[in-house]
Amino acid sequence: MTPNPASGPMRLAAALLAGVFRLAGLAALGLLLFFPSFKGRPEGWLPLIASAATAAGLCVPVAARFRGRVLDILGRLSLGPFLILALGLPALLQAGLVLCLRPAPAFDGLFVLQEAARLAQTGAMSPLTYYAPGQIWYYALLFKTFGATPLVAQLGQAPLFLGMILAFHAMARRALPPLPARLATLAMAFYPSMILYALVTPYYFYLYTLMILLMAGRWLAVARGGGAGAGFTGGLAAGFGALTKAVLLVAPVQALAFWLLSARSFFQRRVWAAWLAFLVGMVIVIAPWAWRNRQVFGEPVLVCTSGPLVLWSANNPESDGLYSPLPDTTRIDTPDEMLRHMRYCRDQAKARILFHPGAFLRLAARKLLHTWGTETSYVELINRGGAPLGPLDPALRFITQAGWGTLVILWAFVAARALVRRRPATPVELATAILVLSKGVIYSFYEGGARHHLPVVPLLILYVVSELVADRRSEIA
C-alpha cells in the first residue's frame, strides 16, 4: 500500500495539539495553585489540600485495595440500581437544594427568565435579541405548562441534567471498559457544580452542555467509522447548542479539525461527507432563527446581539477582564439602536485590542486565571430566598473548589505522564483538547469566569479516566 503523503503532517499536527493540551493541564494547575495568593485568601488552600488527598486516593498504589473494592461493588450492580444511583440521587440532591434554598435569580438568569415569561404570555421574542433564544424557548415551554416562577425554572434543569448524564454514559461506554465507564459516569453525575449550578437559575449551562455532549458523541462516532448520518446528528446538536450560546458557531471548524486529526489524513471521503452533513444539520437548525433576525434587523444576525457588547465589556479601559457595566449604560429601545451600539462596541473593542496590546495581554492573563484557576465565582449568585447564604456560602465554595481542584490535579498528572511517555493522542484526548483549547482562546478575548470552563468538565472527566485506564493497562502489560 502506498503511504498517504498527508499522514505525516496530520500525525504531527495531532501530536502538537495533544502536546499543547497536556501543557495546558500543567498551566491550569499553576493557575489553581496561584489563585489563593492572587486573592489574598490563604483559606483558599484548604479545598486544594482536600483535592490533593482525593486525587492521591484515586492514583497512588497504597489505595489500590480500596479502589478495587469500590469497583467490585460497582461491577456487581445491575443496570437498574446503577441508573438509580447515577440518575436518581443527583437529581434528588439538586431538587432538594432548590426546594430548601429557593434562591432568587439575578442578573442574566433573571433577565432570561423574564424574557421567557413574556414569550409564554405574548408569544413574542424580544426584538433586541440580546440573548441566544435556546434557554428562553425552553423556559417558555416549562412556563406554559407549570407557570412562570423561578422554582419552575430551577427544577426544570433536572431533565437537562439527566440528559447530560445519559449522553455522557453513552460516550463513556464506547470509550472505556464497563467498570471505568460507570465510574466516570458517577464522577460526572456527582461532580459538585453539575448539581449546584441549578441554584443560580442558569441562562444556558445545562442545555448548552447537553448539546456539547451530544455533539462530541457524534464526533467520536465518526472517528470510530461512522459517516454522514453521525455527522448530521452532530450538526443538529451543534446548531441547537449555538442557539443556546452563540460561541458554538465555531463548531464546524472544531468538528473538521477533530475528524481530520483523528483520521490522520486529509483525504478521507467519509470524513468530508460527515463534515458536510454536519454543516447541513447546523444550517437546518439555525437558518429559521437567522431568517427571523434578518427580518427584525434588516441585516444578518445569526444568533443574538450580545457578542460585541460582551467583547467591549471585557476589553475597555475600565475593564478588569471580568464583567464591566460600560456597554450596558447605553439605553437601547429599538433594533436599529442595538445594531448601532453593536457596531460601536465592536469597533471600540477591536481598537483597544490592536492599539493597546500590552493592556490586552494583561487582561487576557487575568481572564485565564479567573476562568481556569477557580470554580467558586458562581457561588456568589446563590442565595437563600434572596438573602445571603451565611455559613453555607464558604461551605459551597469549599465543595466546588475541591471538586475542580481534584479534576485539575488529575488532568495535570495524566498529562505530565503522557508527555514523559510521548503517548500518542487518542480520539477522546483530541476531542477534549479541541474543546478546552478553543475555550481558552475565546475567553482570552471575552469575559473571564469559572462558568466558562464548566461545559468542558464532563469531557475532562472522560479524558482523565481514559488516561488512567490506559496507564493501568500498560502497567499490566
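FYI, side chains are in, hydrogens and waters are out, and symmetry mates aren't considered; it's all heavy atoms of this structure.
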- Under 6.0 Å from the CZ atom of F35, do we count more than 12 heavy atoms belonging to anything else shown? yes
- Item | R224, CZ: over 12 other non-hydrogen atoms inside 6.0 angstrom | yes
- Is the ring centre of H370 less than 6.0 Å from the ring centre of Y443? no
- Query: Would Q135 and T244 count as a side chain to side chain donor-acceptor pair (under 3.5 Å) if you check the C-alpha gap in whole Å, the side-chain angles of each, and the deciding distance to 0.1 Å?
  - Reply: CA-CA 6 Å; Q135 190 75 42; T244 304; over 6 Å; no
- Item | Any donor-acceptor N/O pair, Q154 side chain to A198 backbone, under 3.5 Å | no
- Task: List the steps and the verdict of side chain to side chain donor-acceptor pair (under 3.5 Å) for D108 and Y131.
- Result: CA-CA 9 Å; D108 291 311; Y131 294 100; 2.6 Å; yes
- Message: Checking the side chain of K439 only, and the main-chain atoms of H453 only, is there a donor and an acceptor separated by less than 3.5 Å?
- Response: no
- Sub-6.0 Å ring centroid separation between F107 and Y323: no
- Query: Picking from F205, Y208, Y204, what satisfies ring pair (Phe, Tyr, Trp, His ring centres under 6.0 Å) with Y197?
  - Reply: F205
- Message: Has W259 got a side-chain atom pairing as donor or acceptor with W219's backbone, closer than 3.5 angstrom?
- Response: yes
- Pick one: which of T400, L196, L407 meets side chain to side chain contact (heavy atoms under 4.5 Å, CB included) with Y191? L407
- Message: What I want to check is whether the side chains of S313 and E447 have a donor and an acceptor closer together than 3.5 Å.
- Response: yes
- Residue E43 excluded, over 12 heavy atoms near CD under 6.0 Å: yes
- Going by atom types alone, do S193 and Y378 pair a side-chain donor with an acceptor below 3.5 Å? yes
- Query: Counting only N and O atoms by type, is there a donor-acceptor contact under 3.5 Å from the side chain of T374 to the main-chain atoms of T371?
  - Reply: no
